[in-house]
Amino acid sequence: MTERPLPLTLRPLDAIGRWAIAVVEALGRFGTFLGQALGTILTPPFKFWAFVDRIHYIGYRSLLIILLTGGFTGMVLGLQVYFTLVRFGSEAYLGPAVALSLIRELGPVLAALMVTGRAGSALTAEIGIMRITEQIDALTVMALSPIRYLVAPSILAGLVTFPLMTALFDAVGIFGGYLVGVELLGLSQGTYFGEMQSFVDLSDIMTGFWKSLSFGVIVTWVCTYKGFTVGHGAEGVAKATTDAVVLSSVLILVWDYFMGTVLP
Amino acid sequence: MIKVERLVKAFGRQQVLRGLDLDVATGSITVVIGRSGGGKSVLLRHLIGLLRPDAGRVLVDGADVTRLHGRALDEVRRRYGVVFQGGALFDSMTCAGNVAFPLREKLRLRAAEVATRVEAALTQVGLEGMGSKYPAEVSGGMRKRVAIARALVTEPEIVFFDEPTTGLDPILVNTIHHLILELHRKLRFTAVMVSHEIPEIFEIADTVAMLHEGRIAEVGPPAVIQASPNPVVRQFIRGEPERAEGA
Ligand SMILES: Nc1ncnc2c1ncn2[C@@H]1O[C@H](COP(=O)(O)OP(=O)(O)OP(=O)(O)O)[C@@H](O)[C@H]1O
Ligand SMILES: [Mg+2]
């Protein structure tokens with residue numbers, strides 16, 4: 001089978017075709033990976049202790065950063081929104097404005113970005129190192145599924161911890177807004193919390209919940225996948241870690257916009 | 001019985017295996033020798049189903065592992081024990097945890113039995129009392145021994161060793177070789193071992209196969225290999241330096 005070399009004019013077309021096939025192939029592998037993970041989640045044996053360990057790894061270790069960023073986000077919001085509302089003489093609505101921004105939008109997104117930076121990158125690096133030091137191969141040749149031991153518990157833990165981290169972020173953020181609005185700028189406490197109660201619906205909270213749940217899957221999926229498909233050596237791990245954080249962050253924002261248009 | 005038939009593997013333009021044939025008799029210890037970078041680890045990775053060849057077959061008691069997937073492949077792998085070249089210990093677990101892992105997860109033994117077998121296995125490789133250390137806290141030679149203990153503790157039928165003794169001191173090399181021989185006498189596993197320990201491996205091998213340029217250049221009992229007139233084999237086992245290209 002001897003192929004004649006392509007005419008010069010067709011070469012760019014050939015290159016585009018190759019590139020497109022490579023992209024589709026990569027997307028296919030990426031999707032199959034999640035499919036396999038969901039498959040092992042739904043079939044026994046369930047690795048309970050690995051799951052608990054991952055909750056510790058993703059959730060507990062991100063606690064401090066969530067408290068810190070949540071608090072300051074709420075304080076910044078309190079300050080900025082207050083000065084905007086004052087112009088319209090409607091600073092009484094500071095409470096609901098802060099709460100709604102946090103619960104619907106900023107809480108899920110910023111919490112997910114923070115957990116990605118703190119735990120997602122570590123997850124990719126850990127799994128990447130297991131790959132290049134043949135620990136994943138060792139599991140495979142023991143006839144044990146590395147996806148069951150390493151990926152499924154992480155994704156499940158993402159489902160549990162992301163909504164919790166988001167709730168924490170929201171709560172601390174609302175408290176931060178309170179500090180600025182009430183303690184600093186002299187709004188009354190009753191106005192801040194009272195108006196909040198009358199304006200925030202369950203549907204707002206559910207919007208934030210569904211977002212955080214899907215971010216939990218996206219981040220753990222991307223980060224474990226990037227670790228699993230790491231290249232060679234330390235450089236490969238470094239690249240996979242960066243890729244995982246960048247891709248997770250982009251997907252969080254894109255998916256957030258998509259959810260925003262679909263959910264009430 | 002493991003039969004490797006006309007195995008071909010290339011990475012990009014680099015031809016690593018070029019139609020390699022090898023037979024490993026059940027219950028024997030077959031040692032593969034050859035130049036560093038010659039493809040010995042690549043060959044092993046085909047035998048354990050971690051790499052798929054471009055052409056050729058690997059028959060393990062009649063089943064072609066290069067074409068098996070999922071459950072069927074796991075069925076074959078359940079009979080395997082593998083010592084990776086770098087040890088491949090789980091660094092999130094202690095040494096004892098590593099040895100216990102296949103007993104607990106693969107054989108699903110009860111905790112009490114796991115504990116006694118782990119203790120025995122660590123003692124066998126001369127690491128009693130070191131079980132609570134993490135792989136990062138022990139020396140390279142100790143890691144190798146933990147890896148050997150982990151591979152053999154499940155009493156597998158077929159064991160693959162990728163340079164189990166490289167980097168150990170001469171006393172340990174002999175200790176490990178004797179350990180492998182002793183366990184082999186007891187468990188009668190089939191062993192495929194990659195090793196650079198010349199001449200020590202001639203004492204424990206039933207068969208020695210010399211890998212050269214992607215094929216088995218010569219195979220036979222140690223005595224035959226040692227007396228081989230083949231210049232490639234002679235140069236290798238005497239460790240003669242390379243001649244300049246084209247000389
Ligand atoms: N996954 C891979 N991708 C690309 N090339 C590879 C891969 N694995 C091995 N190779 C190449 O195949 C050749 C054989 O490698 P292999 O690890 O089998 O050597 P070896 O005989 O085990 O050497 P050593 O005795 O040093 O361990 C090397 O040149 C290596 O670069
Ligand atoms: Mg090797």
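Below, chain A is the first sequence line, B the second, and so on; all start at residue 1. All values derive from a computational prediction rather than experimental measurement.
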**Asked** What about the rings of A:Y149 and B:F90, do their centers lie closer together than 6.0 Å?
**Response** no
For this session: List the steps, then state whether side-chain contact (heavy atoms from CB on, under 4.5 Å) holds for A:M142 with B:R150.
Result: CA-CA 10 Å; A:M142 285 176 193; B:R150 183 178 74 178; 3.7 Å; yes
Are side-chain heavy atoms of A:K47 and B:E105 found at a separation under 4.5 Å? yes
Whatever's closer than 4.5 Å to a heavy atom in chain B on A:L139 counts as both
Within a 6.0 Å radius of atom CZ on A:R61, are there more than 12 heavy atoms belonging to other residues, nucleotides or ligands? yes
Exercise. Could you walk me through whether A:T133 and B:F84 pass the side-chain contact (heavy atoms from CB on, under 4.5 Å) check?
Worked result: CA-CA 9 Å; A:T133 56; B:F84 285 89; over 6 Å; no
To the nearest 0.5 Å, atom CG of A:L150 lies from atom OG of B:S92 at 8.5 Å
_Given 3.5 Å as the limit, does a donor-acceptor pair link the side chain of A:Q135 with the main chain of B:D91, or not?_
yes
Minimal heavy-atom distance between B:A88 and A:A138, with the atoms involved, is O-CB, 3.9 Å
CZ (B:R77) and CG (A:L144) are apart, to the nearest 0.5 Å, by 10.5 Å
**Report entry** B:R45 vs A:D137 side-chain heavy atoms within contact, under 4.5 Å
**Finding:** yes
Requested in this report: Apply the test side-chain contact (heavy atoms from CB on, under 4.5 Å) to residues A:V141 and B:F160: give CA-CA distance (whole Å), side-chain angles for both, the deciding distance (0.1 Å), then the verdict.
Outcome: CA-CA 11 Å; A:V141 297; B:F160 301 92; over 6 Å; no
